[in-house]
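Structure first, commentary second.
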Protein chains: 2
Amino acid sequence: MANKTKYREIMGYIKERIQTGNYAVGSFLPSENELCQQFNTTRTTVRRALEELLREGFIQKEHGRGSKVLERSKSLGLLTVKGFSGAIDYDVNTVISVPPNITSWPTMRSFALSDTEEASDCVYFQRIRNINGKPVVVEDNWYAASVLEPIDAADFVEGSFFKTLSQKHLIEIMGAEQELRAITATAELAKKLQVAVNSPILHITVRFRTSLPELNLYGALYCTTTEYPIRNSYSV
Amino acid sequence: MANKTKYREIMGYIKERIQTGNYAVGSFLPSENELCQQFNTTRTTVRRALEELLREGFIQKEHGRGSKVLERSKSLGLLTVKGFSGAIDYDVNTVISVPPNITSWPTMRSFALSDTEEASDCVYFQRIRNINGKPVVVEDNWYAASVLEPIDAADFVEGSFFKTLSQKHLIEIMGAEQELRAITATAELAKKLQVAVNSPILHITVRFRTSLPELNLYGALYCTTTEYPIRNSYSV
DNA sequence: AAGTGGTCTAGACCACGCG
DNA sequence: GCGTGGTCTAGACCACTTT
């Protein structure tokens, strides 16, 4: 997506080199002065880029030594934050059951919307996660249409929304709040998850915060956990 | 703590004015240029200070308008890791229903024990969390007896096991892994949680890692979430 | 048009790590 | 001593909001 500013261009360049292994984990980036020459700019701008990468957990700075490339999964224990591609150890197949489309916000929400979100339409899509061909999670997702255009279902990187955000829009997940509930399956849910009506269902509502301050991603997950529990992990 | 740098000095000044209400919530800070004059410095430095305040959630910037003072939220990530005292906003009363005692490990577990844990007996205790007098969470806890002696129920700091560990043993929680399941209430659980048999129950099994590498704390939580959902939050 | 924050230039000096 | 990142100066131009 558009690198309108020079510091974003530098960020994107470094991020891409890190993600492809051109800048190896544990090694040091070129020095700020070298990056200045490479991009024909000044330290202020280079430092602006490095600072963002620092905040997003890509690098770590060492005074007098340089900027070191970090293991990218480090602080993200949070499996939920990684999306379900990472949350379950089994072979997961994701089906985009409702492709991204613009609609109005759902009425029932666990989280308050910001003013700008409230004023905007929202982009909605639904995915179903299958394990061994059996549906295990139904996941509704929403975000403000004014902040980010709908992403074409075909453009999803490996079926993952987060990977798509990171690689195509340079947006990283910065944190999340969840609410967890146990509910019983409605007729509709029971059908989608192929379980009996009134089966116990794990209901997770979540708001993900991103490196784009105006952009929150909202999710509502319905999980049948009898065979495959949902795993989370955290690091302090 | 010393304000060695000018941007910290500016930050401290603004933070203090916000916290004492001199800069009212919802109002705009002096403009960057005004702050430059006030502190006899340049915009780079003022902006560095404002940027930190932004990251810490004190202000919000509006292009073309100014920097607005925000409602200060508590937001202290990782509620689960901090234990349930912090997980629920309501008035929570904790009853130690089974005081710490030495027994053998339970047979059903979600996590594999280390060799030293396996070789040791375990300390077990059970707590029930009540909200407004109604039981909401039944929590079983275990840890290896060889690593830490049983803590007397009367010595629990504010009923919190984690606070006790931190304040009396200088042990901090470093992370956790969870498994989440939705189940239906057994007769025994239904009785303890005062709900109908077969009600949906949120079942969380968790292992907390601590700053003592040999010490893991294991938990099994049974939560009735119809009235009070369980909240989690993370930060990257 | 005037004022605000957003980006950027072209320097400077300092503190830290290493040889 | 030299290269690194940390802080800071003194400007400039742009984009956005308000009057």
Side-chain angles (χ1 to χ4, degrees), chain A residues 1-15 18 23-24 26-70 114-116 119-120 146-147 170-171 211-215, chain B residues 1-15 18 23-24 26-70:
Chain A
M1 216 7 73
N3 289 335
K4 271 200 65 167
T5 60
K6 192 168 273 191
Y7 79 86
R8 281 184 188 281
E9 179 194 338
I10 300 172
M11 262 181 76
Y13 172 85
I14 296 177
K15 214 182 253 191
I18 290 178
Y23 289 152
S27 69
F28 286 91
L29 294 183
S31 76
E32 295 179 354
N33 282 317
E34 283 171 324
L35 289 168
C36 287
Q37 288 181 21
Q38 186 175 337
F39 288 94
N40 190 34
T41 184
T42 55
R43 273 187 69 207
T44 310
T45 304
V46 165
R47 285 179 59 77
R48 175 72 198 270
L50 294 182
E51 188 197 301
E52 295 274 338
L53 292 171
L54 180 71
R55 279 210 312 133
E56 295 177 11
F58 282 88
I59 62 171
Q60 160 189 338
K61 294 194 157 198
E62 299 182 15
H63 195 170
R65 304 229 292 155
S67 300
K68 187 189 272 183
V69 178
L70 288 182
S114 72
D115 292 344
T116 48
S120 165
S146 60
V147 182
L170 303 180
I171 294 171
S211 50
L212 241 191
E214 322 89 70
L215 181 62
Chain B
M1 189 55 75
N3 288 336
K4 273 200 65 166
T5 61
K6 192 168 273 191
Y7 80 86
R8 282 184 189 280
E9 179 194 338
I10 300 172
M11 262 181 77
Y13 172 85
I14 296 176
K15 216 183 253 192
I18 289 177
Y23 290 151
S27 68
F28 286 91
L29 294 185
S31 76
E32 295 179 354
N33 283 316
E34 283 170 325
L35 289 169
C36 288
Q37 288 180 21
Q38 186 175 336
F39 288 93
N40 190 34
T41 184
T42 56
R43 274 186 70 208
T44 310
T45 304
V46 165
R47 284 179 60 77
R48 175 71 199 272
L50 294 181
E51 188 198 300
E52 294 275 338
L53 292 171
L54 181 71
R55 279 211 310 133
E56 295 179 14
F58 282 88
I59 63 171
Q60 159 188 341
K61 294 194 157 202
E62 298 183 16
H63 195 170
R65 304 229 292 155
S67 300
K68 187 189 271 183
V69 178
L70 288 181

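Order of the sequence lines sets the chain letters (A, B, ...), proteins ahead of strands, with each chain counted from 1. Given the structure is predicted, the values throughout are model-derived calculations rather than measurements.
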Looking across every strand, which nucleic acid part, if any, lies under 4.0 Å from B/Tyr7 by heavy atom: base, sugar-phosphate, or nothing?
sugar-phosphate

Can you tell me the distance, in whole Å, between the CD atom of B/Glu9 and the P atom of D/dT7?
14 Å

Contacting residues from residues 42-53 of chain A, given that a heavy atom lies under 4.0 angstrom of DNA chain C:
A/Thr42, A/Arg43, A/Thr44, A/Thr45, A/Arg48

Please lay out, stage by stage, how B/Ile14 and B/Leu35 fare under the test side chain to side chain contact (heavy atoms under 4.5 Å, CB included).
CA-CA 10 Å; B/Ile14 296 176; B/Leu35 289 169; 4.1 Å; yes

Check the distance between C/dC18's P and A/Lys68's NZ and give it to me in whole angstrom.
10 Å

Please report the shortest heavy-atom distance between A/Gln60 and A/Leu54, naming the atom on each side.
CA-CD1, 3.9 Å

Please tell me which of the listed nucleotides, C/dG5, D/dC8, D/dG6, lies nearest to the side chain of A/Glu32?
D/dG6

A/Gln60 has an atom CD; how far is it from atom P of D/dT4, in whole Å?
18 Å

About how many Å separate NZ of B/Lys15 and CZ of B/Phe58, when rounded to the nearest 0.5 Å?
4.5 Å

To the nearest angstrom, how far is B/Leu29 atom CG from C/dT4 atom P?
12 Å

Is the closest basic N to carboxylate O distance between B/Glu52 and B/Arg48 below 4.0 Å?
yes

Among D/dT4, D/dT7, C/dT9, find the nucleotide with the atom closest to the side chain of A/Thr41.
C/dT9

Between D/dG6 atom C1' and A/Ile59 atom CD1, what is the distance in whole Å?
14 Å

Could you give the CG-to-P distance, from B/Leu35 to C/dG3, as a whole number of Å?
17 Å

For atom CG of B/Asn33 and atom P of D/dG11, their distance in whole Å:
13 Å

On a heavy-atom basis, the closest approach of B/Cys36 and B/Thr42 is SG-C, 3.4 Å

Of A/Lys61 and B/Phe39, whose nearest nucleotide on DNA chain D comes first from the 5' end?
A/Lys61

What pair of heavy atoms forms the shortest contact from A/Ala49 to A/Met11, and how long is it?
O-CG, 3.6 Å

note: B/Asn40, atom CG; D/dT7, atom C1'; distance rounded to Å ~ 16 Å

Between B/Ser31 and C/dT4, is there a contact of a side-chain N or O with OP1 or OP2 at under 4.0 Å?
yes

Minimal non-hydrogen separation, B/Ile59 against B/Leu50, with atom names:
CD1-O, 3.5 Å

Note: B/Ala24 and B/Ser27 closest approach over all heavy atoms is O-OG, 2.6 Å

Any protein N or O atoms within reach of nucleotides 15-19 of chain D? Criterion: under 3.5 Å, listing atom names and distances.
{"from": "D/dA15", "atom 1": "N3", "to": "B/His63", "atom 2": "NE2", "distance (Å)": "2.9"}
{"from": "D/dT18", "atom 1": "OP1", "to": "B/Arg65", "atom 2": "NH1", "distance (Å)": "3.0"}

Residues in side-chain hydrogen bond (donor to acceptor under 3.5 Å, both in side chains) contact with B/Gln38, at least two apart in sequence or another chain
B/Tyr13

